[in-house]
Amino acid sequence: MTMPAALAEVVSEFQEMQGQEKLALLLEFAGELPQLPADLEEAAMEPVPECQSPLFLHVDAADRDHVRLYFSAPAEAPTTRGFAAILAAGLDEQSADDILAVPDDFYSDLGLAALISPLRLRGMSAMLARIKRHLR
């Protein structure tokens with residue numbers, strides 16, 4: 001499986017956890033979702049309607065060697081925020097080619113399928129698909 005080292009590290013963290021520890025780690029990530037820069041407003045971002053909670057995303061690929069990813073999700077949507085934070089931690093500032101090489105189902109390696117509904121997991125898949133679409 002091909003993925004940037006930062007994303008592989010996140011996946012490894014989840015693989016070291018068991019059961020409810022995985023959910024606690026996801027919530028920890030949710031609390032670490034970076035703030036939007038002052039010059040970027042949610043209204044200018046792309047909505048990801050496949051997510052169960054409101055999520056907005058912006059892909060800045062002006063420098064294809066250092067793609068910037070920005071996410072906005074409400075604090076009352078910790079699962080969605082956690083997924084966005086995982087993608088931010090693992091893919092922000094990576095090259096477009098490295099992001100495009102990430103398997104579409106990499107999130108299955110997080111081991112959350114037994115803890116989170118397939119509908120919610122599809123939200124993470126949709127975020128990655130939209131990021132890749134912007135980069136193609």
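All heavy atoms count here, side chains included; hydrogens, waters and symmetry mates do not.
- Residue Glu41 qualifies as open at atom CD: its count of foreign heavy atoms under 6.0 Å is 12 or below.
- Between Thr2 and Val102 there is no side-chain heavy-atom pair separated by less than 4.5 Å.
- Annotation: the span from Met124 atom CE to Cys51 atom SG amounts to 9.5 Å, rounded to 0.5 Å.
- Side-chain atoms of Leu87 and Phe106, non-hydrogen and from C-beta on, do get closer than 4.5 Å to each other.
- Criterion: ILVMFWY side-chain heavy atoms under 4.5 Å apart, direct or through other members. Under it, Leu135 and Ile86 are part of a common hydrophobic cluster.
- Nearest heavy atom pair, residue Lys132 against residue Pro103, reads NZ-C, 4.2 Å.
- Side-chain heavy atoms closer than 4.5 Å link hydrophobic residues (I, L, V, M, F, W, Y) into clusters, and following such links, even through other members, never connects Met127 to Leu40.
- Nearest heavy atom pair, residue Gly90 against residue Pro4, reads O-CB, 4.0 Å.
- With values rounded to the nearest 0.5 angstrom, Arg81 atom CZ is found 11.5 Å from Leu26 atom CG.
- Of all heavy-atom pairs between Phe56 and Met45, the closest is O-CE, 3.4 Å.
- The CZ atom of Phe29 lies 9.0 Å from the CG atom of Leu110; values are rounded to the nearest 0.5 Å.
- Looking only at side-chain heavy atoms (C-beta outward), Ser53 and Arg120 come within less than 4.5 Å of each other.
- Residues Gly111 and Lys22 approach most closely at O-CD, 3.2 Å, considering heavy atoms.
- Under a hydrophobic clustering in which Ile, Leu, Val, Met, Phe, Trp and Tyr are joined whenever their side-chain heavy atoms come within less than 4.5 Å, directly or via other members, Val67 and Leu36 fall into different clusters.
- Between Val48 and Phe83, the closest side-chain pair of non-hydrogen atoms is not below 4.5 Å.
- Taken together through direct or relayed side-chain contacts under 4.5 Å among Ile, Leu, Val, Met, Phe, Trp and Tyr, Tyr70 and Leu7 form parts of separate hydrophobic clusters.
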task = Check step by step if side chain to side chain contact (heavy atoms under 4.5 Å, CB included) holds for Ile131 and Phe71.
result = CA-CA 11 Å; Ile131 291 166; Phe71 300 90; 3.9 Å; yes
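- From Ile99, atom CD1 reaches atom NE2 of His134 across 12.0 Å, with rounding to the nearest 0.5 Å.
- Within 6.0 Å of atom CD in Glu9, 12 or fewer heavy atoms from other residues, nucleotides or ligands are found, so the atom counts as exposed in its surroundings.
- Atom CZ of residue Arg133 and atom CD of residue Glu46 lie 4.5 Å apart, to the nearest 0.5 angstrom.
- The distance from atom CG of Leu55 to atom CD of Glu42, rounded to the nearest 0.5 Å, is 8.5 Å.
- Placement of Leu121 and Leu27 in two distinct hydrophobic clusters is found when ILVMFWY residues are connected by side-chain heavy-atom separations under 4.5 Å, directly or transitively.
- Nearest heavy-atom pair across Ala6 and Ala89 is CB-O, 3.6 Å.
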task = Test Leu91 against Asp98 for side chain to side chain contact (heavy atoms under 4.5 Å, CB included), laying out the working first.
result = CA-CA 9 Å; Leu91 300 179; Asp98 286 350; over 6 Å; no
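- Taking each heavy atom of Asp109 and Val11 in turn, the nearest pair found is CB-CG1, 3.7 Å.
- Gln20 has its side chain within reach of Leu115: a pair of non-hydrogen atoms, C-beta onward, lies under 4.5 Å apart.
- With contacts defined as side-chain heavy-atom distances shorter than 4.5 Å, the pair Leu112/Tyr107 does not qualify.
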